[in-house]
Each structure stands twice: as structure tokens, then as C-alpha cells.
2 protein chains.
Amino acid sequence: MAQIKNNYQFEDMLQKHNLKKTGPRLRVLSMMYSKNTATSQPDLESVMNDIDRVTLYRILNVFEEKGIIHKVFDLNGTANYAVCHSNCQENHHHDEHLHFNCTACKNVYCLNELNMPRLNLPSGFEAQSFTLYASGLCPKCSKKQAAKVN
Amino acid sequence: MAQIKNNYQFEDMLQKHNLKKTGPRLRVLSMMYSKNTATSQPDLESVMNDIDRVTLYRILNVFEEKGIIHKVFDLNGTANYAVCHSNCQENHHHDEHLHFNCTACKNVYCLNELNMPRLNLPSGFEAQSFTLYASGLCPKCSKKQAAKVN
DNA sequence: TTACAAATGCAACAATATTGTATTTAGAAA
DNA sequence: TTTCTAAATACAATATTGTTGCATTTGTAA
């Protein structure tokens with residue numbers, strides 16, 4: 001699931017988007033690519049605690065603008081960030097996949113393989129994009145719970 | 001769309017949920033039932049500016065617990081509150097409808113008539129609830145835009 | 001190596017939300 | 001009606017999340 005990439009590939013990614021190769025940016029990239037779930041803003045902040053808070057916000061913002069990551073709010077309204085796997089372009093995301101929010105471990109999974117079902121909205125509504133949220137138990141947590149019961 | 005209710009009905013609602021009939025609660029109820037869209041927290045706060053901020057938060061929280069209203073985050077992560085039209089019960093909401101966020105007027109519409117499509121998740125994921133978000137132009141704003149073009 | 005735009009770090013601030021506690025009030029009981 | 005009490009409100013303080021402005025540092029092109 002998690003794409004393993006080395007530092008050279010992250011440097012390439014930055015260069016490709018006309019972003020300077022800086023330590024903070026490379027560390028944020030490497031951290032986010034090492035996980036198969038989205039990372040909440042509070043988590044990011046505590047893990048990247050050597051990077052200035054404001055710098056972190058600005059890094060996340062440019063990455064989002066460039067289509068490198070996308071922001072998703074979990075069920076508590078907390079901002080989460082995940083790498084884009086679909087073909088996102090600058091200022092034009094294609095993140096119409098399912099976001100699964102585990103109620104136990106709080107992780108947010110991007111289920112890219114699940115594309116949106118077709119929907120016909122009430123007349124007058126013109127939808128430009130969709131996002132689907134589900135909450136429940138992720139595979140790990142549902143296993144744990146099953147183990148407890150036995 | 002907007003359910004017209006009078007003050008006696010709001011008093012009944014409070015009583016039914018074992019909540020004391022107070023001025024602030026009645027005014028919040030009447031305000032929210034007068035609209036067919038969700039209301040953002042900032043809007044609520046400025047409209048209900050005679051009610052203490054903290055009191056407003058606490059009112060919204062008990063209403064949500066009791067299944068009278070539900071909270072929905074818009075595309076900017078801003079909290080919005082809307083009355084529950086489906087049969088929501090205490091601590092057990094049934095708000096699996098589409099939330100439509102207009103990119104022009106920023107309103108959030110609860111499209112209750114649209115029920116969720118069936119989805120089969122990747123194995124291991126056990127979903128307990130779904131929410132669907134769409135963004136684009138609402139009927140009013142798409143009309144306005146059409147008028148501009150002509 | 002130099003120069004400069006871009007990125008970072010720091011300070012201040014704004015907006016959103018929570019906790020604790022004193023005061024007030026709705027509604028039950030006398 | 002009056003009294004009493006738990007619940008609700010108001011107020012103060014604080015926490016969290018996010019933004020803006022500016023000085024300093026740094027990546028990179030010349």
C-alpha cells in the first residue's frame with residue numbers, strides 16, 4: 001500500500017513542481033509517503049516538531065496547490081493530509097474516492113480503488129465534485145475486536 | 001422545504017427530550033427550523049449574538065446528542081448545523097444523506113431524499129455509516145450564473 | 001562566488017472550541 | 001403561591017488551530 005520512495009525521488013518530485021529542495025519539505029514528503037493512511041494536522045505537528053508550525057502549514061498548502069497531497073477532514077472536523085495517488089494536477093484535484101475513518105484508531109484511509117457511484121441530484125443542483133466518507137472499523141481494529149470477543 | 005413550526009412545537013420538542021424550555025434553546029430551534037440549509041457556526045454565533053458563545057456551544061452539543069440536529073463540516077472544515085429530518089435517536093443518528101456545499105453562496109443543503117448507494121468496501125473494512133458530500137452550484141446560484149452569461 | 005528570490009523562523013494575532021465556576025432560572029414539591 | 005434544587009446560563013480563563021507580517025537564512029541560477 002505505502003509507496004516506498006527514496007530521497008532522490010522526493011527531490012525529483014519537488015523539482016518537477018518548481019519547488020526548492022529543502023530539508024523540511026523532504027522530511028514532510030518522506031513522512032507522508034511512509035504511511036498508508038492520512039495524517040492529522042496535530043500528528044504532523046508533533047512528529048515534525050523541529051519544523052516551525054507556520055512553515056509546516058505553508059508546506060502543506062503548497063503541496064496541496066501543486067497536487068502532491070490532498071486535505072481531508074475527518075468526522076471530528078480535524079484536517080488530515082494524504083498523498084495523492086490519482087493523477088492530480090496543479091489546482092485541479094481528482095480525489096473522488098472513499099475516505100474511511102476508523103472510529104477506533106481514528107485513522108483515515110484513502111480507498112482509491114473505490115470510485116464514486118453515479119448519482120442524479122435533484123434538479124437545479126450542479127455538482128462539480130463528490131467525496132464519500134465512511135466510518136466504522138478498519139481491518140486492524142475489527143480483527144482486534146473479534147479477538148477480544150473470543 | 002423548511003418546516004414551519006410554532007413556538008409550542010419547539011417547546012414540545014424540548015420537553016420530549018427532557019430538556020428545560022429556555023429562551024436561548026427556543027431561539028436556536030426556531031432559527032434553525034426557519035432555514036432549509038445548514039447554518040455555519042460563525043453565522044449562528046453572529047445571529048445569536050445575545051446568547052453567550054459557550055452557551056451556544058453547549059446548546060448545539062445537547063441538541064446533537066439528543067438527535068435534534070446534526071453537525072456537518074463543509075469543504076473548508078467549518079462546522080455547520082442542520083435539523084435532523086430522518087428518525088434520529090439519542091446518540092444514534094441516521095444522517096446518511098447527501099450534503100451539498102455550494103461553492104458560490106457557501107450554503108450547505110441536506111438532500112435527505114437522496115439515499116446512499118450500496119457500496120462494497122475492500123475486505124476487512126466494516127462501515128457503520130456513510131456520508132456523501134458534493135460541491136458545485138445550488139439551484140439559485142446556477143440560475144444566477146446562467147443569467148450573467150446571457 | 002555572488003546575488004536574489006524563495007523558504008524558513010519568529011512574533012503577534014485571529015478564530016474556534018473547551019473547562020471551571022458563580023449566578024440565574026425552570027419546574028417540581030411543599 | 002412560595003420555596004427549593006438541579007439544570008442552564010454567563011463569565012473568565014485557557015487550549016487548539018490557523019493566518020499575517022517581517023527579519024533572517026538558504027537554494028539555485030547567473
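The model shown is predicted, which means the values in this text are computed figures rather than measured ones. A note on names: the letters A, B, ... follow the listed sequences, proteins ahead of strands, and every chain is numbered from 1. Side chains are part of it too, since the values below use all heavy atoms of this structure and drop only hydrogens, waters and symmetry mates.
Heavy atoms of T55(B) sit under 4.0 angstrom from at least one base atom. Among the atoms of the strands shown, none is found under 4.0 Å from any heavy atom of E45(A).
Shown here for F63(B) and L19(B), the closest heavy-atom pair between the two residues is CE1-CD1, 4.0 Å.
Nucleotides of DNA chain D nearest to V54(B) and L19(B) differ in position, and the one nearer the 5' end is that of L19(B). Each of Q15(B) and A79(B) lies near DNA chain C, and the nucleotide nearest A79(B) is the one positioned closer to the 5' end. The 5' end of DNA chain C is approached more closely, in terms of each residue's nearest nucleotide, by T78(B) than by the other of T78(B) and K21(B).
Under the 6.0 Å cut-off for aromatic ring centres, Y133(B) and Y133(A) qualify, their centroids lying closer than that.
Separating the CG atom of D52(B) from the P atom of dT19(C) is a distance of 16 Å, rounded to the nearest angstrom. Atom P of nucleotide dT17(D) and atom CG of D43(A) are separated by 10 Å, given to the nearest angstrom. The separation between N80(A) atom CG and dT17(D) atom P is 11 Å, rounded to whole Å. Spacing between atom CG of N76(B) and atom C1' of dT17(D) amounts to 14 Å, rounded to whole angstrom units. Distance CG (N18(A)) to C1' (dT28(D)): 12 Å, rounded to an integer number of Å. Going from atom NZ of K71(A) over to atom P of dG18(D) covers 7 Å, rounded to whole Å. Across the protein-nucleic acid pair, F63(A) atom CZ and dT8(C) atom C1' stand 13 Å apart, rounded to whole Å. Straight-line distance from the CZ atom of F73(B) to the P atom of dT16(C): 13 Å, rounded to whole Å.
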Exercise for review: May I have the step-by-step check of side-chain hydrogen bond (donor to acceptor under 3.5 Å, both in side chains) for S135(A) and S129(B), ending in yes or no?
Suggested key: CA-CA 5 Å; S135(A) 67; S129(B) 75; 2.9 Å; yes

Review point. Between Q41(B) and Y57(B), does a side-chain hydrogen bond (donor to acceptor under 3.5 Å, both in side chains) hold up when you go through it step by step?
Key: CA-CA 9 Å; Q41(B) 193 283 329; Y57(B) 276 111; 3.3 Å; yes

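On a pure distance criterion of 3.5 Å, no polar donor-acceptor pair joins the side chain of R25(A) and the base of dA7(C). One cannot find a donor-acceptor pair under 3.5 Å joining the base of dG9(C) and the side-chain atoms of R53(A). Judged by atom type and distance alone, R58(A) does not reach the base of dG18(D) through any side-chain donor-acceptor pair under 3.5 Å.
For N61(A), the listed nucleotide lying nearest its side chain is dT19(D); candidates were dA17(C), dT19(D), dT9(D). For K20(A), counting side-chain heavy atoms from C-beta on, the closest listed nucleotide (dA7(C), dT16(C), dA7(D)) is dA7(C). In the set dT18(C), dT8(C), dT9(D), the nucleotide with an atom closest to the side chain of P24(B) is dT9(D). The side chain of Y57(B) lies closest to dT16(C), out of dT16(C), dA8(D), dA12(D).
By the neighbour-count criterion of 12 heavy atoms within 6.0 Å, atom CG of N120(A) is sparsely surrounded, having that number or fewer from other residues, nucleotides or ligands. Other residues, nucleotides and ligands place more than 12 heavy atoms under 6.0 Å from the CG atom of N49(B).
The side chain of T22(B) places an N or O atom within less than 4.0 Å of a non-bridging phosphate oxygen (OP1 or OP2) of dT9(D).
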